[in-house]
Each structure stands twice: as structure tokens, then as C-alpha cells.
Amino acid sequence: MWFSHKRKRLDWSVAISDGFYLHPRADYTRLEQALDRQPTTGAMVIDLIAKSPAAQIDLYGFDFFSSLSLSGRRTADDVPHDFDAEAQFVNGLCADDDRITLHPMK
């Protein structure tokens, strides 16, 4: 699965492999405009599965960068994302779609 908007980094042999998924640029752009910043991969995945026909969607592990998980020494100021906007986006999806539940971090 390739979610990055940086498609020049995509190797052709990967792109033509069985099961490869290239996230549509239009979906990336729509979400980028809605958030007014680059979306994280997590936000793009949530947006993608929210459009699926799944009967139930349970989201675990999303704290919108408050724990700095998997980020090394970077802070929210060091990355091109708006985590508050992403939290509002996901909370809006949960409010509008009863299939989606965001489970709190423990």
C-alpha cells in the first residue's frame, strides 16, 4: 500500500506487483484540503476504510500524536501535520457513522 503523495520514490517493480494499492491522488488532495495540512498515513487509512462497506470499524492506537509514539525525538512542531484537525476529522466520522468507533488509548 502506497499512501505517500511522493510518487517519485515509488519503485516500478513494487508498483506493478500483485496486490499493490496506490492511494488515489484525488483522495489525498481532498483530505489535505479538509485538514489544511498534509494528512498522516493514519488519517488516510481511516478515510479509506470509512468509505468501505464494512459493517463495523474499530479504531485502536490513534492518539493524534499526543504520546509521540513512533516519532522518535520529533514533536508536532517538527512534522507537516495538524493533529488537532485530524482528531476533529476522525471524531466527526465517528459522530456521523455509527459503524466507526475510536477506542481510547490506555
Side-chain angles (χ1 to χ4, degrees):
M1 297 183 89
W2 189 272
F3 283 89
S4 177
H5 64 288
K6 299 174 183 176
R7 294 177 179 209
K8 289 182 181 179
R9 296 181 182 178
L10 178 58
D11 182 81
W12 180 250
S13 64
V14 171
I16 62 170
S17 63
D18 287 341
F20 176 76
Y21 171 81
L22 179 61
H23 195 62
R25 187 176 299 273
D27 287 357
Y28 174 90
T29 301
R30 177 185 46 76
L31 194 53
E32 180 182 41
Q33 290 171 348
L35 300 171
D36 201 29
R37 298 283 286 279
Q38 288 183 18
T40 61
T41 302
M44 289 186 282
V45 169
I46 292 169
D47 182 54
L48 178 66
I49 61 175
K51 292 187 277 183
S52 78
Q56 180 176 335
I57 301 168
D58 290 288
L59 303 174
Y60 294 91
F62 292 96
D63 68 358
F64 308 99
F65 212 72
S66 63
S67 67
L68 304 178
S69 57
L70 301 177
S71 61
R73 299 175 193 251
R74 296 181 302 165
T75 66
D77 294 332
D78 299 324
V79 294
H81 310 295
D82 183 337
F83 298 103
D84 291 334
E86 290 196 5
Q88 289 177 351
F89 168 72
V90 172
N91 287 324
L93 287 176
C94 292
D96 293 343
D97 188 336
D98 61 359
R99 300 174 307 143
I100 305 172
T101 303
L102 176 62
H103 297 274
M105 297 282 293
K106 294 183 180 185

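Just so you know, residue 1 is the first one in the sequence shown, and it goes up from there.
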key: Intermediate values then yes/no, side chain to side chain contact (heavy atoms under 4.5 Å, CB included), Leu22 and Arg7   = CA-CA 9 Å; Leu22 179 61; Arg7 294 177 179 209; 3.4 Å; yes
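Sorted by first and then second residue, the salt bridge (charged side-chain N to carboxylate O under 4.0 Å, His left out) pairs with a member in residues 36-61 read Asp27-Lys51, Arg30-Asp47, Asp47-Lys51; sequence neighbours excluded.
The side chain to side chain donor-acceptor pair (under 3.5 Å) search around Ser17 returns none, not counting sequence neighbours. Asp84 meets the side chain to side chain donor-acceptor pair (under 3.5 Å) test with no other residue; sequence neighbours excluded.
The closest donor-acceptor contact from the side chain of Trp2 to the backbone of Ser4 lies under 3.5 Å. Ser52 contributes a side-chain N or O that, together with a main-chain N or O of Ala54, makes up a donor-acceptor pair within less than 3.5 Å.
Distance CG/Leu59 to CG/Leu102: 5.5 Å, rounded to 0.5 Å. Thr41 OG1 to Leu48 CG: the interatomic distance, rounded to the nearest 0.5 Å, is 12.0 Å. Between the NZ atom in Lys6 and the NZ atom in Lys8 there is a gap of 11.5 Å [rounded to 0.5 Å]. Atom CZ of Phe83 and atom OG1 of Thr40 lie 6.5 Å apart (nearest 0.5 Å).
Criterion: ILVMFWY side-chain heavy atoms under 4.5 Å apart, direct or through other members. Under it, Met1 and Tyr28 are part of a common hydrophobic cluster. Hydrophobic clustering of Ile, Leu, Val, Met, Phe, Trp and Tyr side chains at less than 4.5 Å, counting indirect connections, unites Ile49 with Leu93. The hydrophobic clustering, which links ILVMFWY residues whose side-chain heavy atoms are closer than 4.5 Å, places Phe20 and Met44 apart.
Side-chain contact check for Gln38 versus His5: some heavy-atom pair is nearer than 4.5 Å. You'll find the side chain of Ile57 stays beyond 4.5 Å of the side chain of Ile46, heavy atoms only.
Closest of all the heavy-atom pairs between Leu31 and Pro39 is CD2-CB, 3.7 Å.
Aromatic rings of Tyr21 and Phe3 (six-membered ring for Trp) have centroids within the 6.0 Å cut-off, being under it.
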